[in-house]
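Inspection log for the structure reproduced underneath, given as structure tokens.
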Amino acid sequence: TAAPLEADVCIYGATSGGGCYSYHGTAFKLTPSLQETVLYSFLGGYGDEPFAGLTHDGHGTFYGTTLYGGAHGLGTVFKLDAHGNESILHSFTGRSGDGEYPEAGLVLDEAGNLYGTALYAGLAGCGNGLGCGTVFKVSPTGTATQLHTFTGHTDGGWPLATLVRDQAGNLYGTASGGGDSNCYQGYGCGTIFRLDPAGHYKVLYTFTGAPSDGADPEAGMILDAAGNLYGTTQRGGSADFGTVFKLDPTGKETVLHSFLGAPTDGRYPAFATLIRDAAGNLYGVTPDGGNNCTQTQVSCGMAFMLDPTGTETVLYNFTGAADGADPFGGLVRDAAGNLYGATAYGGDFTSCVFGCGVVFKLTP
């Protein structure tokens, strides 16, 4: 289940399963009165399994990616208007073209161009033979351009995360592998990169996987006004259960928190992007860890807050019952400080063995 987009009026999001047409996924709207509307059910050929959240243009149109489907079965970039009409802007073509299997969401610029990452394709001889992934741009008319093709070496490889864009048009992102080859039998520990408007690619940081560092960054980052980047790694840290990190504009990385796992902490923060409030507190979720799981899973995940000094507060431990389990998507925060998110499991067990997932509100 993808994280919702807006929480001040209505919540919008996507699910990777469910819908009217052989469970290819949906885009949905949830009103403040908790009335859900399925805005669109994906059809497979018109997109299949929207794994990431939605991007809104401020005028009623949403944009997103599907992991599969499209003309070649390798994923799509789609557009959904305010009336629920879906159109495919681009179908991915694979290794010789623009990438395949886009797991991440999109970033929209002022001219209507969309930027994202694809997990595979690019160089035919890279890594597992499927390619090491790409950074792409899709114009408002659907023209796709490769901005960077990963090699799986020092530049990184296999990007899973949504990009972040600054006011100057620079794109920042993470690659889950590549970089330092000492991690995971040569897969690599991952990198942080920047791509400027002229197309120049630069590695800003290479993870080492050491106890004092992270490895395998799978989530997107956030950028503050001073140019600091904040994100998570799924592995690394003192217990190898993942970290929260900060990267300053000079390239200095600081581990703000190392996750310790159940029963006192979360672990493996995976795909959920952090959010930050005006006081500098960071909020996030881990799909694993916590201490309050009632179902067959070992642990059901938790929501947490880190203050600017790196002190962690556990906000909620999911039980796996009606409140949900495994919050893979990120959080959004309203003006009153309430947090909203979604879980992959728990909730209604009528049709799903481990539950079909919930959208939740958390008041810190």
Side-chain angles (χ1 to χ4, degrees), residues 3 104 159-164 172-176 179-180 183 189-193 204-291 299 301-318 326-333 339 341 362 364:
L160 291 159
T162 303
L163 303 167
V164 61
Y172 301 85
T174 59
S176 66
D180 188 330
C183 287
C189 303
T191 65
I192 300 171
F193 63 84
L204 302 179
Y205 187 75
T206 299
F207 292 97
T208 66
S212 59
D213 196 10
D216 190 14
E218 297 188 355
M221 298 181 293
I222 56 174
L223 182 68
D224 70 14
N228 298 299
L229 292 162
Y230 302 85
T232 63
T233 63
Q234 187 181 21
R235 301 297 296 269
S238 59
D240 200 27
F241 288 155
T243 70
V244 177
F245 67 83
K246 171 184 175 181
L247 185 72
D248 72 19
T250 70
K252 178 184 177 183
E253 189 241 18
T254 303
V255 171
L256 301 177
H257 180 70
S258 287
F259 290 100
L260 301 177
T264 60
D265 199 4
R267 64 179 181 177
Y268 308 141
F271 305 113
T273 301
L274 300 168
I275 59 173
R276 185 172 180 268
D277 66 19
N281 299 303
L282 298 169
Y283 302 84
V285 292
T286 65
D288 206 337
N291 65 355
S299 53
M302 65 153 205
F304 66 89
M305 181 187 82
L306 287 185
D307 70 17
T309 69
T311 300
E312 183 196 45
T313 300
V314 174
L315 299 177
Y316 189 76
N317 285 295
F318 291 90
D326 294 12
F328 276 98
L331 299 170
V332 290
R333 185 173 180 269
L339 301 168
L362 178 62

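Hydrogens, waters and symmetry mates are skipped; everything else that's a heavy atom, side chains included, is used. Not measured: the values here are computed from a predicted model.
Side-chain atoms of Asp288 do not come within 3.5 Å of backbone N or O of Tyr268 as any donor-acceptor pair. Of the possible donor and acceptor atoms, none in the side chain of Asp265 sits under 3.5 Å from a partner among the backbone N and O of Gly261. At distances below 3.5 Å, not a single donor-acceptor pair connects side-chain atoms of Arg276 with backbone N or O atoms of Leu282. In terms of modelled atom types and a separation under 3.5 Å, the side chain of Thr233 and the main chain of Arg235 share a donor-acceptor contact.
The two residues Thr273 and Gly220 come nearest to each other via the heavy atoms OG1-N, 3.4 Å. Nearest approach of Cys183 to Gly209, heavy atoms of both residues: SG-CA, 4.0 Å. The two residues Met302 and Pro327 make their nearest non-hydrogen contact at O-CG, 4.2 Å. Annotation for Pro308 and Asn281: closest pair CD-OD1, 3.4 Å, computed over non-hydrogen atoms.
Below 30°, between 30° and 60°, or above 60°: for Phe207 and Phe245 the angle between ring planes is above 60°, a perpendicular geometry.
Taking 4.5 Å as the limit, some side-chain heavy atom of Met305 sits within range of a side-chain heavy atom of Thr313. Proximity of Tyr283 to Phe304: side-chain heavy atoms (C-beta onward) are nowhere separated by under 4.5 Å. When side chains are defined from C-beta on, Phe259 counts as touching Val244, because their heavy atoms get closer than 4.5 Å. A heavy-atom distance below 4.5 Å is not found between the side chains of Leu362 and Leu331. The shortest distance between side-chain heavy atoms of Phe241 and Thr286 does not fall below 4.5 Å. When side chains are defined from C-beta on, Glu253 does not count as touching Leu204, because their heavy atoms never get closer than 4.5 Å.
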